[in-house]
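Atom set for the values below is all heavy atoms of this structure, side chains included, hydrogens, waters and symmetry mates excluded. Since the structure is predicted, the reported quantities are computational estimates derived from the model, not experimental observations. All chains are named by letter (A, B, ...) in the order of the sequence lines, taking the proteins before the strands, and each is independently numbered beginning at 1.
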Amino acid sequence: MLDKFGIAKRIAQELEDGYYVNLGIGIPTLVANYVPAGVEVILQSENGLLGIGPFPTEDQVDADLINAGKQTVTTTAGSSFFDSAMSFGMIRAGKVDLTVLGAMEVADNGDIANWKIPGKMVKGMGGAMDLVASAKNIIVAMQHTDKAGNSKLLDACTLPITGLKCVRKVVTNLGVFDITSEGFVCTEYAPGVTIDEIKAATAGRLTISPNVKQMDI
Amino acid sequence: MLDKFGIAKRIAQELEDGYYVNLGIGIPTLVANYVPAGVEVILQSENGLLGIGPFPTEDQVDADLINAGKQTVTTTAGSSFFDSAMSFGMIRAGKVDLTVLGAMEVADNGDIANWKIPGKMVKGMGGAMDLVASAKNIIVAMQHTDKAGNSKLLDACTLPITGLKCVRKVVTNLGVFDITSEGFVCTEYAPGVTIDEIKAATAGRLTISPNVKQMDI
Amino acid sequence: MNKVVSGAQEAVRDIQDGMVLMLGGFGLCGIPENCITALVDKKVKNLTCISNNAGVDDFGIGLLLQQKQVKKMISSYVGENAEFERQLLSGELEVELIPQGTLATRCMAAGYGMPAIYTPAGVGTEVAIGKEVRNFNGKDYLMEYAFDADFAIVKAWKGDTHGNLIFKDTARNFNPLMAMAGKITIAEVEELVPAGQLDPNHIHTPGIYVHRIFQGVDYEKRIEQRTVRS
Amino acid sequence: MNKVVSGAQEAVRDIQDGMVLMLGGFGLCGIPENCITALVDKKVKNLTCISNNAGVDDFGIGLLLQQKQVKKMISSYVGENAEFERQLLSGELEVELIPQGTLATRCMAAGYGMPAIYTPAGVGTEVAIGKEVRNFNGKDYLMEYAFDADFAIVKAWKGDTHGNLIFKDTARNFNPLMAMAGKITIAEVEELVPAGQLDPNHIHTPGIYVHRIFQGVDYEKRIEQRTVRS
């Protein structure tokens, strides 16, 4: 079974040289730490930056330079700043190659719920709805089940929807799941995890790929 | 009767301090030469410049710095460059205070025709349709009659329309005409021109303002 | 041409109770600190604030919330604010949540004279309720209207006496969009220079969009998430 | 990340007969001279060119017209070109005239993922024929669709190896809009520098929009109306 770093590390294997990538808050942010050698990716921050660099040293901290999680950051060589309309314009136009998001629930048709829990204070969707409605390649990074052990991979979302039929792949602590017309297709299982465990933990339609293999991580 | 310089000079009296102004090709361009003392206006060029300066000296000529008439120009202090979408965005949003255009015909309801003559090679409307559809204050600068002596102030345009009900004022070689629900209202006549001459030269609905006076020019 | 005002107090002088304001900034980054303070001092009430976020309890728009000057927030994300939450749950405060890209583009639309735009964000969600859905090339889009704000209040890095603005880094965010969108636009800047001193190729917001400008004072520029590496 | 190509010939290598191209520039100002020459050399035919103007007889898009490589021009103004006029009158060339602001905004819409925009330009004119008219707040607007171009070919002043672009003066015009709009965008620049040498606050076109970039050669930068004062 993977921890959150393992999930991030596995998703990093999806990165290709020259990709523009938007990483959501939480596990997705960790993906930046595992970019494979020889692969150059450019991270987009939807508050108006292409080319997010590492966190600053104490003396580099600049209040005017933050990421979408409002953390202080730096820039990489070749970065650019732009306004929020252009930022979401490039997202909407499909210029971002890969988007990695967290989620509360994913349905086997690719629907995603990740912004609101009825009865709890609603903080807002931020840029999540724009991202899921427009990104051409969305990978969800999340735990396979919630704290009570309920599957987060469902046949239909129970929470308010963020976007329809948009998730292409889910990477959880248990494995990797493509979303196809057949529902979730398990293509890889995490080290130490059995197919039966995956079946037991998944509520949505699930098929096991004939080529399923253990994750190489 | 005014020559083209006189028309430009009279229109310049409409300028107020701080105005952003778009001047079309031809007589409108001449208006820039008669900005009243103490009045600062900023000229917009729809190819992406606020703050058009005078023509360059020989050694200032720069192929990258032209106006909408494709003439080499210079900039004034406080100028800015922007792309064509922002340029027409500011026009469409009504940020330009005054637009001065030439015309082939103006109707007494404010319709304007200034882009196409059937049977002749059509060069295109350029930015004229955007300007007339959006500008909040449009003054037309033109000769009162065509070369054959036919009125260009009509009850309805005969040429293909550029825009509907948009012209607010017409300044011709004969006088100044507001466009109101009553049609053309003559508020000023040019030196040496009689009201009867104006009536004879105007085909659209025309009333003479009770306060009509000779142009102070 | 006289756009320069003495300071925030003069800049916000005619902002009235019940008006609709746009306020630039993302989180606490690039917010018009001086004008927010002036609005608190002015005690205007029942404001509708269009702003991506609502500040924190004791900074940014949070200061207006503390004084109960805000009737309605139009934002994409409003966490990090306990007083906000209290007012929302008690019904004192109205909140309209809008996808961030939609929020940005509705500002831009206003500045570009476009009455409405189409975006796929929110299709199939509760954001779509009551909105027109239209299909283009096989994909559904929501029609969203341009904002209509009485004032836009923005913060820039440098500005000149003609109102030209340059923003720094991610403090740009919504500021240039809102600057275009206000019927009256107020810009506070860290450094105000005479017209002609900024490179016209570097201007982010041409002065035509800016009606009042002043050099702000005492910028705190508070950091929400100070993250450093060793 | 490898966007740098050896020159115009490599940049346009896969432009095929019948494709839709956007070409930046206003008049002869800011046009992609190198790529136009390469397209002439390549002898691609039946092109649809979206460009504000059509060049002059012996420069700019006029060079493509001379070789009868253009099937259709989509422009706002096409004067100053005798060969153009001849082909148009003889029916060899198709022309679609579009208001300049509409042309610009349809490019921007493509780059911003907006399938359609509303503009008042052309309402009540022959431009409106066959188009949807919609009233917002008492004013009529035409719905106009985003362009869909196979390639956008733009000219910038400076660029870096990541594809970031900076334009100079009014040579900016349609270039950044088209750069955003192409499925594949080619940028030729006067000066190409390594990533990191351009100030990220001065970038007009972020590199995400640019797929191929090269430093052009032998720019003529012809002037259409050389006007000077003494």
Task: Test: K168(C) and D64(A) ion pair at under 4.0 Å - done: yes
Open item on the list: So that I can tick it off, tell me whether E58(A) and R226(C) are bridged by a salt bridge, with the cut-off set at under 4.0 angstrom between side-chain N and carboxylate O.
Closed with: yes
Mind ranking [options] by heavy-atom pairs under 4.5 Å with chain A and telling me who comes out on top?
options                          : value
L89(C), I98(C), L177(C)          : L177(C)
E224(C), R106(C), R222(C)        : E224(C)
G30(C), C107(C), S75(C), A171(C) : A171(C)

- [ ] Tell me yes or no: between the side chains of R92(A) and T105(C), is some donor less than 3.5 Å from an acceptor?
- [x] yes
What's the shortest heavy-atom distance between [X] and [Y], and which atoms?
X       : Y       : result
D130(A) : T102(C) : OD1-N, 3.3 Å
R172(C) : F82(A)  : NH1-CA, 3.6 Å
R229(C) : P54(A)  : NE-CB, 4.0 Å
V61(A)  : V228(C) : CG2-CG1, 3.4 Å
C29(C)  : A63(A)  : SG-O, 3.4 Å
A85(A)  : M108(C) : CB-SD, 3.8 Å

Count the heavy atoms belonging to other residues, nucleotides or ligands that lie under 6.0 Å from [atom1] of [X], then report whether that count exceeds 12.
X       : atom1 : result
M1(A)   : CE    : no
K4(A)   : NZ    : no
K9(A)   : NZ    : no
N135(C) : CG    : yes

Less than 4.5 Å to any heavy atom of chain C: does that hold for the side chain of [X], its backbone, both, or neither?
X       : answer
N67(A)  : backbone
V132(A) : neither
K165(A) : neither
F55(A)  : both
Q60(A)  : side chain

Rounded to the nearest 0.5 Å, how far apart are [atom1] of [X] and [atom2] of [Y]?
X       : Y       : atom1 : atom2 : answer
K139(C) : S134(A) : NZ    : OG    : 5.0 Å
D62(A)  : I223(C) : CG    : CD1   : 7.5 Å
F26(C)  : S87(A)  : CZ    : OG    : 9.0 Å
K70(A)  : Q225(C) : NZ    : CD    : 8.5 Å
S76(C)  : M125(A) : OG    : CE    : 7.5 Å
K123(A) : E85(C)  : NZ    : CD    : 7.0 Å

Task: Flag, side chain of T72(A) to backbone of T227(C), donor-acceptor distance under 3.5 Å - done: yes
Using non-hydrogen atoms only, which part of [X] is less than 4.5 Å away from chain A: side chain, backbone, both, or neither?
X       : answer
F167(C) : neither
E190(C) : side chain
N53(C)  : side chain

Open item on the list: If you apply the rule side-chain contact (heavy atoms from CB on, under 4.5 Å), what do you find for D83(A) with F174(C), and how did you get there?
Closed with: CA-CA 6 Å; D83(A) 66 47; F174(C) 288 83; over 6 Å; no
Open item on the list: Between V123(C) and M129(A), does the side-chain contact (heavy atoms from CB on, under 4.5 Å) criterion hold? Intermediate values first, please.
Closed with: CA-CA 9 Å; V123(C) 168; M129(A) 283 190 183; over 6 Å; no
Heavy-atom pairs under 4.5 Å with chain C are the metric here; pick the option from [options] that has the most.
options                          : value
G69(A), P56(A), A133(A)          : P56(A)
V122(A), L131(A), L65(A), N47(A) : N47(A)
A68(A), A113(A), G48(A)          : A68(A)

Open item on the list: Going by side-chain hydrogen bond (donor to acceptor under 3.5 Å, both in side chains), name the residues that satisfy it together with S80(A), two or more places apart in sequence or in a different chain.
Closed with: none
Open item on the list: W115(A) vs L97(C), test: side-chain contact (heavy atoms from CB on, under 4.5 Å). Steps then yes/no.
Closed with: CA-CA 11 Å; W115(A) 79 284; L97(C) 292 171; 4.2 Å; yes
Open item on the list: Using a 4.5 Å heavy-atom cutoff, which residues in residues 146-162 of chain A come close to chain C?
Closed with: P160(A), I161(A), T162(A)
